[in-house]
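Here's the structure we're looking at; comments come further down.
Proteins get letters first, then strands, A, B, ... in listed order; numbering begins at 1 in each.
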Protein chains: 4
Amino acid sequence: MLSFESDYTEGAHPAILEKFIETNMDQQSGYGVDVYSESARKKIAKACGKEDADIYFITGGTQTNQLVIDTMLKPYEGVVAAVTGHVAAHEAGAIEYTGHKVLTVPQYLGKLKASDVKELVDTFYNDANHEHMVFPGMVYISHPTEYGTLYTKEELKEISDVCHAYNLPLFLDGARLGYGLMSYDTDVILEDIAELTDVFYIGGTKVGALCGEAVVFTKNNTPAHFVNLIKKHGALLAKGRLNGVQFDVLFTDDLYFKISRHAIDMAEKLKTIFKEKGYEFYIDSPTNQQFFIVDNKKLEELEKHVRYGFWEKYDDTHTVVRFATSWATTEESIEKLKELL
Amino acid sequence: MLSFESDYTEGAHPAILEKFIETNMDQQSGYGVDVYSESARKKIAKACGKEDADIYFITGGTQTNQLVIDTMLKPYEGVVAAVTGHVAAHEAGAIEYTGHKVLTVPQYLGKLKASDVKELVDTFYNDANHEHMVFPGMVYISHPTEYGTLYTKEELKEISDVCHAYNLPLFLDGARLGYGLMSYDTDVILEDIAELTDVFYIGGTKVGALCGEAVVFTKNNTPAHFVNLIKKHGALLAKGRLNGVQFDVLFTDDLYFKISRHAIDMAEKLKTIFKEKGYEFYIDSPTNQQFFIVDNKKLEELEKHVRYGFWEKYDDTHTVVRFATSWATTEESIEKLKELL
Amino acid sequence: MLSFESDYTEGAHPAILEKFIETNMDQQSGYGVDVYSESARKKIAKACGKEDADIYFITGGTQTNQLVIDTMLKPYEGVVAAVTGHVAAHEAGAIEYTGHKVLTVPQYLGKLKASDVKELVDTFYNDANHEHMVFPGMVYISHPTEYGTLYTKEELKEISDVCHAYNLPLFLDGARLGYGLMSYDTDVILEDIAELTDVFYIGGTKVGALCGEAVVFTKNNTPAHFVNLIKKHGALLAKGRLNGVQFDVLFTDDLYFKISRHAIDMAEKLKTIFKEKGYEFYIDSPTNQQFFIVDNKKLEELEKHVRYGFWEKYDDTHTVVRFATSWATTEESIEKLKELL
Amino acid sequence: MLSFESDYTEGAHPAILEKFIETNMDQQSGYGVDVYSESARKKIAKACGKEDADIYFITGGTQTNQLVIDTMLKPYEGVVAAVTGHVAAHEAGAIEYTGHKVLTVPQYLGKLKASDVKELVDTFYNDANHEHMVFPGMVYISHPTEYGTLYTKEELKEISDVCHAYNLPLFLDGARLGYGLMSYDTDVILEDIAELTDVFYIGGTKVGALCGEAVVFTKNNTPAHFVNLIKKHGALLAKGRLNGVQFDVLFTDDLYFKISRHAIDMAEKLKTIFKEKGYEFYIDSPTNQQFFIVDNKKLEELEKHVRYGFWEKYDDTHTVVRFATSWATTEESIEKLKELL
């Protein structure tokens with residue numbers, strides 16, 4: 001059975017597994033002070049163009065969002081996100097579990113607009129009752145978004161400007177950051193993100209690692225006693241090397257970028273095939289997630305041979321489905337899919 | 001540099017790494033429904049003698065304690081633990097972060113006594129003001145304890161009986177369970193634990209895995225929508241195979257037990273050497289953690305060549321130190337240590 | 001200075017103060033077991049037509065909403081409310097503070113629709129990813145709403161039916177319940193509310209008391225150890241008599257209803273005057289809160305002589321303002337206002 | 001039936017009720033900006049010798065403890081208290097509900113010792129693993145304590161010095177502060193408390209009010225947006241006048257101190273009688289709570305005529321009971337009790 005179900009259906013990039021074997025018997029201290037974590041931190045900081053960035057490895061995306069948002073917000077604050085933002089809709093209330101509200105703004109193909117953030121904040125402070133409401137305390141965006149779309153550098157700058165005009169940290173969820181940076185259709189590079197945001201993370205789980213996200217604090221703004229807070233959240237690994245080794249490999253010889261580019265190449269091939277076969281695109285995504293509107297009868301047939309993501313009902317006879325490529329997608333599988341469509 | 005610092009200084013048992021490579025490109029769905037997790041669950045259930053046990057894989061120990069305790073307790077309840085229990089002392093307030101109090105009873109070489117639990121509960125219900133206090137809602141024990149000690153089967157049975165007489169679930173933290181089960185000096189087997197507790201976990205991180213703990217609900221008592229609650233806690237891995245593969249390997253051909261026994265064999269050799277060299281034992285531990293009282297001058301010399309854990313000040317001229325063995329400890333390193341002592 | 005700023009600008013109905021004096025030196029036990037609380041509970045249960053209703057007195061509205069929602073929801077659930085619902089917008093994140101999300105549906109003059117609740121729940125369960133989202137766990141409505149509007153009996157019944165079809169408790173916030181029940185334009189009586197909801201509260205603070213809300217559990221569905229949970233929330237009064245005496249007076253000889261009717265009579269007079277003077281109504285409210293669209297220049301003049309609530313900007317030259325009557329509003333003040341308009 | 005059950009068995013001091021009547025129809029804005037609250041704040045600040053003290057009125061003691069501790073602590077911190085401290089034992093886990101641990105030190109007649117606090121903090125920072133533990137973040141004491149005992153000025157100074165040496169705010173729970181300040185046997189005055197602590201509260205509920213505690217921040221150290229945080233905790237009263245009027249009366253013409261002294265006078269009479277009758281004192285308390293060891297047979301007889309607090313079992317034939325006096329205790333009731341003993 002073919003699968004384009006998600007970008008986390010395989011294990012890890014082989015170079016990571018090799019490094020696990022190579023380093024396996026080295027004795028290292030726990031909790032993130034091992035030499036691999038240290039090395040990975042340096043390489044990532046360099047790639048970001050921020051030698052003094054403060055970097056922590058967390059195991060998964062929801063955990064990272066929960067931890068960063070909870071520890072960056074003050075008790076009277078909530079986080080601003082698009083209504084379709086992962087933290088607003090698909091994390092089982094993980095943010096609210098920490099006692100903070102998610103304040104939503106409209107989404108445009110999964111993205112939020114600087115002007116909407118500005119309006120939300122202005123409206124808040126103009127409301128005579130605002131002391132009885134949740135203060136907007138930071139802004140959350142994802143890049144790529146949940147719909148695979150990307151902010152332009154200009155859009156990011158506008159959002160960053162609004163945030164900083166109001167002293168709101170800007171947090172970028174980069175669960176699929178590699179696929180965004182390596183898109184054919186982006187003018188945003190890693191250094192831009194490090195410059196324009198206050199904290200962001202580089203996703204590993206969906207970009208070649210077995211697990212792991214690298215949180216980057218870019219402005220000497222790490223919350224006090226952050227290791228303690230990671231522990232309090234239940235998120236501190238004893239064997240910190242698990243994440244350290246993986247990110248050390250991913251940030252050696254640009255592996256992270258190379259494998260991300262491969263996924264983009266595969267996604268572009270996929271798009272071409274769907275276009276040729278006359279399928280309708282739900283969204284024109286420039287990254288590794290592609291959304292198509294497919295006739296339900298066709299789906300009945302397809303699902304015997306290939307797995308994909310069911311996104312939402314489009315109308316009574318059509319469904320929006322997601323096909324995702326990844327670092328692990330082969331040309332061969334794309335060819336097979338072509339025959340099935 | 002030799003290291004007996006902890007049982008999590010190396011990577012994973014080689015068989016696990018091999019299996020990662022072997023299964024790497026298999027496409028599997030995420031969030032724990034992969035075939036490896038499924039296989040691991042069946043093998044563990046069988047090893048527990050409870051075919052209908054409900055099993056979940058969580059990444060780390062603090063996370064597991066936090067999750068199990070929070071989801072098993074009712075809002076008006078707290079968890080009873082020994083004052084030295086990991087959840088009482090060394091988890092950065094992770095339990096209180098979930099809104100629950102840790103109610104402490106005395107420790108005896110790291111263990112709690114059934115009679116003390118009974119007295120705490122009786123005192124609570126006899127207090128006319130108990131509606132203004134935290135209800136005892138479950139009992140937490142660790143086996144081995146934080147001091148490496150073990151409950152006897154009779155002690156476990158007594159605690160289990162008290163718990164069940166008061167409708168308190170009994171939760172056993174088995175972060176180092178393998179080392180407990182394979183001790184030369186125990187009458188407790190895995191089936192006993194599955195029988196006497198309501199929920200427990202089998203530690204992977206400290207017993208041969210890169211990460212992972214297998215939570216076993218033994219009485220058809222899994223909290224409703226547990227997967228949702230794992231997600232809400234930020235603890236749900238996208239690539240569930242990471243834990244699944246590891247536990248599948250550990251529970252194939254008794255690997256978990258064999259490597260645990262190796263650690264015990266190494267610990268016994270260590271004990272013999274320390275005894276022969278005239279060192280004083282702080283506690284007579286039957287598992288892989290050994291605690292010695294060492295002269296500070298000797299330590300100054302030792303620490304040039306070997307790493308170990310600093311436990312606590314003993315007196316002005318002596319310190320309690322911990323030497324831990326593991327599945328990865330070699331006879332060669334024991335021999336080298338012997339020369340240094 | 002005249003004031004129509006809110007319905008909580010005066011102290012308490014004089015009969016309450018008299019009763020405070022009359023009962024002052026009676027020695028009563030604390031925490032709600034005093035004879036006045038007991039008497040009040042019986043009278044309220046009778047007025048609700050539910051002799052077995054379980055009743056608790058809480059000091060304020062936000063506290064009541066926070067307590068009821070937190071203790072009625074399961075950990076994986078959130079509360080459904082209109083986007084304008086008090087718990088969604090104006091309680092400083094008090095619900096999220098308890099770890100629960102507010103799931104919003106559209107508002108129609110402050111009310112939510114049964115069909116929107118049904119759609120939200122259906123959409124949720126039809127989403128293949130719903131285990132990764134917050135379960136709808138109860139429905140919150142306010143009656144009157146934040147805009148002074150009222151549900152019809154039919155509308156309440158529809159909402160109640162949807163709730164019970166999906167096993168969702170229906171919670172009615174009655175902070176201004178008296179003003180709703182005594183409206184000229186309602187077919188809903190207290191017994192209906194007790195019948196159709198699972199839990200609701202009868203507001204005292206805004207209807208003649210110094211403080212206090214009476215929470216009524218109508219279906220033998222009080223959360224276990226509710227007094228403990230009140231205490232845990234910091235909401236348990238030592239002198240329970242403070243709330244008990246007040247509600248005992250309010251529910252003696254229909255005082256609660258009589259004073260509510262007075263406020264409605266005053267509101268109707270107010271409406272007539274504004275209509276006669278040619279003001280535009282923002283909403284046609286049948287209760288004690290009236291919303292008008294007023295020219296900003298007129299407001300500048302008015303605010304020298306009278307206080308009212310600023311609701312929101314209407315356009316560049318007009319503002320929506322709120323005038324509230326209460327049990328304490330005098331005909332004299334209405335006449336004075338007439339002169340100013 | 002006579003009652004010495006507690007100091008909250010009656011309503012309010014008559015002067016408070018008179019003031020309620022006198023001010024009842026004044027129209028005042030809500031949420032604590034009324035003229036009575038404003039006046040009360042000024043009078044209290046003056047009584048404290050701190051004109052710039054920042055003062056808030058909260059309805060009850062547990063709520064105040066929960067709010068102050070939660071908002072003063074940082075996320076990685078817990079509060080240090082005596083094992084018998086109210087927050088440690090008798091508040092249904094209200095502190096843990098906010099996510100913070102209570103770190104306990106030994107009690108000596110209900111008091112904690114500066115040296116024990118110092119040792120706890122030193123031990124914490126000397127522990128190599130302290131990043132995995134809860135940081136001591138503030139110190140909580142009660143004055144009078146739960147056993148009616150009082151700190152001397154010297155003891156308070158020592159505690160204050162230790163706290164400030166380690167940058168720990170010192171929080172004094174003054175639920176019964178009046179009875180402490182007016183004891184025959186104290187050298188501590190209100191100005192001392194304002195000087196030596198960082199935040200404390202002046203109890204109203206147990207000292208003549210129907211409800212209310214005045215929180216005093218003494219060092220320009222009020223948490224940011226404190227009104228928002230009060231609301232988020234569900235603790236903000238709409239009719240702030242309820243607390244404002246009461247404290248305004250209590251701090252006019254030294255009423256708070258006079259009625260507290262009356263309670264002390266009555267307690268001293270009580271002590272004399274018990275002493276004359278040959279009863280054994282459990283603790284030599286200098287305030288309004290008195291603890292006696294009474295034969296169970298005598299108690300059987302007594303409880304037909306008088307109510308008191310059951311404290312704890314002393315031995316198989318004796319019980320520790322508490323007799324409390326208050327502002328409302330009459331000489332007549334003391335005389336009646338004398339006949340019964």
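When each of A:K231, A:K232, A:H132, A:M133 is checked for heavy-atom pairs under 4.5 Å with chain D, A:H132 comes out on top. Among D:H130, D:K74, D:E131, the residue with the largest count of heavy-atom pairs under 4.5 Å with chain A is D:E131.
Under a cut-off of 6.0 angstrom, the local environment of NZ in A:K219 is crowded, with over 12 non-hydrogen atoms contributed by other residues, nucleotides or ligands. Summarising the local packing, NZ of D:K43 is surrounded by more than 12 heavy atoms from other residues, nucleotides or ligands at distances under 6.0 Å.
Heavy atoms closer than 4.5 Å to chain A are found in the side chain of D:L236, but not in its backbone.
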